[in-house]
Amino acid sequence: MAIPNVKRYRITSPEGGETATLMAVVPKDVDLDTYLKEASTRFDWKAWREQKASQNKVRVGQQKQKKAK
């Protein structure tokens, strides 16, 4: 079930070079640029880097086929 009015925004780290995708519902009377700038400073970039580095690659198509009875 999808959440209505959710939009994706790309934020960059304060050091620059890295971008992450932020999904948010932004209220109507908010300045989007200041909202995204504040969100990028509050974003946990250290945990994001650790999670990205620890992702395991999953091989697709190599699973054992089950026999249909």
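When all heavy atoms of Pro14 and Trp45 are compared, the pair lying nearest together is CD-NE1, 3.5 Å.
Identified under the salt bridge (Lys or Arg N to Asp or Glu O under 4.0 Å) test for residues 12-27, with sequence neighbours left out: Glu15-Arg49, Glu18-Arg49.
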Side-chain donor-acceptor distances from residues 19-36 under 3.5 Å, at least two apart:
from	atom 1	to	atom 2	distance (Å)
Thr19	OG1	Arg10	NH2	3.1
Thr21	OG1	Arg10	NH1	2.8
Thr34	OG1	Asp31	O	3.0

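Scanning for side-chain contact (heavy atoms from CB on, under 4.5 Å) contacts around Gln51 gives Gln55, with sequence neighbours left out. Not counting sequence neighbours, Glu50 has no partner by the salt bridge (Lys or Arg N to Asp or Glu O under 4.0 Å) test.
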